[in-house]
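Note on naming: letters A, B, ... go to the chains in the order of the sequence lines (proteins, then strands), and numbering restarts at 1 for each one. Heavy atoms only: backbone and side chains are in, while hydrogens, waters and symmetry mates are out. Just so it is clear, the structure is predicted and the values come from calculations on it, not from any experiment.
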Amino acid sequence: MPAPDVPEKPSLEGLEQKWGERWEADGTYRFDRTKSRTDIYSIDTPPPTVSGSLHVGHVFSYTHTDTVARYRRMRGREVFYPMGWDDNGLPTERRVQNYFGVRCDPALPYIASFEPPDKPPSPPLAISRPNFVELCVRLTVEDEKTFEELWRRLGLSVDWGMTYTTIGPEAQRASQLGFLHLLASGQAYQRVAPTLWDVDFQTAIAQAELEDREVASAYHRIRFGGPDGSAIEIDTTRPELIPACVALVAHPDDRRYKALVGSTARTPLFGVPVPIVAHELAEPDKGTGVAMICTFGDVTDVTWWRELRLETRTIVGRDGRVQADPPAGVERSPAWDELTGKKMEPARARIVELLRESGDLIGDPRPITHAVKFFEKGNKPLEILSSRQWFIHTLDHQERLLERGAELRWHPPYMRARFESWVNGLNTDWLISRQRFFGVPFPLWYRLGDDGSVRYDEPLVPDESRLPVDPSTDVPDGFAAEQRDQPGGFTGEPDVMDTWATSSLTPQVAGHWADDPDLFARVFPMDLRPQAHEIIRTWLFSTVVRSELEFGSLPWSDAAISGWVLDPDRKKMSKSKGNALTPIGLLDQHGADAVRYWAASGRPGVDTAFDEGQMKVGRRLAIKVLNASKFVLSRLGPEGDVTAPLDKAMLAGLASLVDEATAAFEGYDYARALERAEGFFWSFCDDYLELVKGRAYGGQGEAGAASANRALTLALSTLLRLFAPFLPFVTEEVWSWWKEGSVHRATWPASAELRGPAGNEAQPLVLEVAAAVLGEVRKAKTVAQASMRAEVARAVVRDSAERLAALAGAAHDVRDAGRIAELV
RNA sequence: GGGCGCUUAGCUCAGCUGGCAAGAGCACAUCCCUUACAAGGAUGCGGUCGGGGGUUCGAGUCCCUCAGCGCCCACCA
């Protein structure tokens, strides 16, 4: 072995750049695709949303995954660890609209030479979908560069040659191919049905994107006209929907209203006759016990409408305003004219005035706070509108999905409950179509009848070899471009798939399912899905659904769920809250290894407080690694057999540590592995290094020094490898002083390497007692306010016979370390 | 309303199958320039393990119950 090349004054400065460049040049983390599935460990990386910005939470969870990737790599697996960018979807769309001053009109033709104006025009310029998508790509490419720089800086061991995006051609191909398969197997279907609708984004919303928010509202007691001139009072929070009312409902057992069921009431202001019906879902305790059923005030209305076969009286348009014409059954009237064109809030305010004037409002509105459904990215309460949408069957598969959830190994295990409560709570199939632009288009056209009507029941699909296609510009087989939107011709499906319809295919996209079956077979089903807990119902669930329907298997064997980063007030840290610090600033200040140390100390699934103090501790640890390594390597003499009882004891303890850290990593508990390694390392430095120092320098002859040197290099080699997944920069630096190759491609330590030299007779007690005695000597010196170098004439140890016997094996080491002349 | 998790020193957290006379780091105090390390080292102060019951020779660890915090889910009149 060549003499170690140890710097005079080791430092952390510059290590990140130095090793970042070297790893790139050497291809240290490059994936070797010639390996077979059993030798590969594949990770389904979460693609971060590039139109946002990376915050501390990202650094936290991506570090977790990276420690696991590095561990598996050292265990000899070829790690498939690509990075993806989620550039698909609404956040990018909104940014592009503002940035370039454009809006998308899917009806417009593609212009190949299109360039956006220098300044964003007002009003925005309408452009075709392909042109719009080009602008999205142009903008996100810049974001992706910034993200990559940060990830490299943090030391993620990603293969940067395998990056994918969720809007790129491969993602489009996989999404469209997957959809065509579902269409062929009957798992995808379209239907005109009431769905939750965001009036700002003007798109349908899936159950998984809902969020309840507490909002201020009010009960309004309204008088309906009953039979024979009587009055029926109801409570409603949405009086503006009175013209959409199709029935009143009471519970069948409610004696107060039993007699009324089957008769007819009359709506106030509009005088529309509506039946009084009975249904189990009507709650006698709520309001007056009679509810107004509208088209559609809430999801219960939809249930009543469906089960009681009520009429449809739509009054709310896709833009969230009261539509121009009254629905069938409602006469145009002054009251209607007052409401038409208004958004919901003003319409409500106005109708309350009208009801007050007509005397149909009983008392004043009573303010309440109640939960209302919102699109998680939206600002207005969702409406329920009927529209044509595409769905994927999920309700039919609940049992099977629950089985898959049980089959998946969750880390931590209790996260499975979230998956199960979500699957059990499903109430609609998965709605995948969105009336948006920046997404993967459905690979569909429809035949037009001779009258120009769209034949939705006759979708035209492309041959799989044509994918990806954009039906707004591409033409279905057997048609000519001129036949677009002409009677007897065809029209393109205007909708795009929801972002989750693509994100649910990240294993297929990253693994090149649609264009590289050989690669895909080597990486799928994958080993690990790392992700955050709040997207179990979306990303994890939808990925399981797609894998089940396409392959009949789980997409991965293990799911590692990261917690959140909490600020000191215990709130989730995020950009929107304005309390997140920039990751680059933290890396500049503390260094990547230190930031990683903090991140890796957060256990799987546990929300963790943001703590710069921990980063300082991490930095101290990295510096300690440099200095302790310098000590071990700088005056390294000849190595020999491990004979000293103290050395054997240390190696035995280290062997146990290796077993423990390995077991922790096998259970995805990187935090435990780090904590144990760190604990061992500090006592190794404080006690063992001090005790062995004199002997290593030759104080007890050549054999003693040779034993010490052997033990020291074994320990250092082992500790560096144990720390490598957490502190990749400093461990690589030290490794390079005396070893060939990268520590990150070195073999994960095995306890057998240490148990051999330690021998069967190793007694951990030797180190324990020696350290305890040394500690007592230090205490005496501290109390005496003496230097640690002060000479001790005589030290007397009183302890059990067993411990005294153990001490005897290291008596000389203890005397040297404590500068004790006589040890009794 | 249902479910899951958390509650251990001032702060951030370990404590896995019950044996702990309760641990670590930070902070704090005192001391020490010691040839691996002053962006350091040594030593120390600090806790009736959220409350109340129970099981056990023994409970921070298991069971019941209550409380607080957080999250997930749930048909919003």
Side-chain angles (χ1 to χ4, degrees), chain A residues 6 9-12 212-215 217 219-220 222 234-238 241 248-249 281-283 286-294 297-304 368 370-373 381-382 412 414-425 427 533-534 536-537 563-564 566 568 570-572 598 601-603 605-614 616-617 619-621 623-635 660 663-664 667 669 671-672 675-676 678-679 682 685-686 689-690 693 697 774-775 777-790 819:
Chain A
V6 184
K9 185 81 181 165
S11 156
L12 298 177
D212 277 5
R213 291 184 203 162
E214 290 289 328
V215 297
S217 181
Y219 275 133
H220 304 73
I222 310 289
I234 62 116
D235 272 334
T236 180
T237 56
R238 300 203 59 184
L241 291 180
L248 298 184
V249 63
L281 283 180
E283 292 179 39
K286 248 181 185 174
T288 64
V290 183
M292 153 176 109
I293 305 177
C294 306
D298 61 37
V299 292
T300 316
D301 279 352
V302 177
T303 306
W304 281 324
I368 56 159
H370 66 164
V372 176
K373 289 196 188 307
L382 293 172
Y414 60 78
M415 286 294 176
R416 184 178 131 197
R418 306 211 175 182
F419 177 82
E420 291 180 343
S421 72
W422 174 251
V423 174
N424 283 321
N427 54 34
H533 52 67
E534 81 274 17
I536 288 174
R537 70 171 179 172
W564 285 337
L566 304 176
R570 314 296 308 176
K571 295 278 186 280
K572 183 192 175 189
W598 160 75
S601 64
R603 307 188 104 72
V606 178
D607 293 346
T608 300
F610 175 73
D611 187 357
E612 288 195 75
Q614 282 298 104
K616 292 188 177 128
V617 174
R619 186 172 178 85
R620 209 165 61 103
L621 175 62
I623 292 171
K624 194 76 172 180
V625 168
L626 285 178
N627 288 318
S629 301
K630 178 188 168 193
F631 166 70
V632 170
L633 296 174
S634 59
R635 284 177 219 177
E660 206 175 352
D669 195 350
R672 186 186 187 85
E675 187 198 45
R676 295 313 151 99
E678 186 193 9
W682 280 108
C685 291
D686 295 345
L689 287 187
E690 292 301 325
K693 202 179 272 184
Y697 288 161
L774 183 59
V777 171
R778 285 170 178 156
K779 187 192 288 191
K781 290 180 180 177
T782 298
V783 168
Q785 303 198 353
S787 159
M788 287 300 132
R789 297 181 75 184
R819 296 179 175 247

Worksheet item: So which nucleotide from B/C72, B/C76, B/C37 ends up closest to the side chain of A/Lys624?
Response: B/C37
Worksheet item: Can you tell which of B/A36, B/A74, B/C76 lies closest to the side chain of A/Cys685?
Response: B/A36
Rounding to an integer number of angstrom, what distance separates [N] and [M] when you compare their [atom1] atoms?
| N | M | atom1 | answer |
| --- | --- | --- | --- |
| B/G23 | B/G60 | C1' | 12 Å |
| B/A22 | B/C49 | P | 10 Å |
| B/C26 | B/G44 | C1' | 16 Å |
| B/G50 | B/A14 | P | 14 Å |
| B/U17 | B/C13 | C1' | 22 Å |

For nucleotides 18-29 of chain B, give me every protein contact, N/O to N/O, under 3.5 Å, one pair per line with atom names.
from	atom 1	to	atom 2	distance (Å)
B/C26	OP1	A/Arg620	NH2	3.1

Item to complete: Taking salt bridge (charged side-chain N to carboxylate O under 4.0 Å, His left out) as the test, write out the residues that go with A/Lys693, two or more places apart.
Response: A/Glu690
Contacts table for residues 623-634 of chain A: side-chain donor-acceptor under 3.5 angstrom, sequence neighbours left out:
from	atom 1	to	atom 2	distance (Å)
A/Asn627	ND2	A/Ile623	O	3.3
A/Ser629	OG	A/Val625	O	2.5
A/Lys630	NZ	A/Glu8	O	3.0
A/Ser634	OG	A/Lys630	O	2.7

Worksheet item: Partners of A/Thr782 by side chain to side chain contact (heavy atoms under 4.5 Å, CB included), sequence neighbours excluded?
Response: A/Met788
Item to complete: Go through the structure and list residues passing side chain to side chain contact (heavy atoms under 4.5 Å, CB included) with A/Val617, not counting sequence neighbours.
Response: A/Tyr597, A/Gln614, A/Glu678
Fill in: Phosphate OP1/OP2 of B/C75: any A/Asn427 side-chain N/O under 4.0 Å
yes
Worksheet item: Relative to the 5' end of RNA chain B, which residue comes earlier, A/Arg537 or A/Lys781, by the nucleotide with the nearest heavy atom?
Response: A/Lys781
Worksheet, complete the sentence: When A/Ser787 and A/His533 are each assigned the nearest nucleotide of RNA chain B, the 5'-most assignment goes to A/Ser787
Response to the item:
Sequence neighbours excluded, the answer for side chain to side chain donor-acceptor pair (under 3.5 Å) partners of A/Arg819 is none
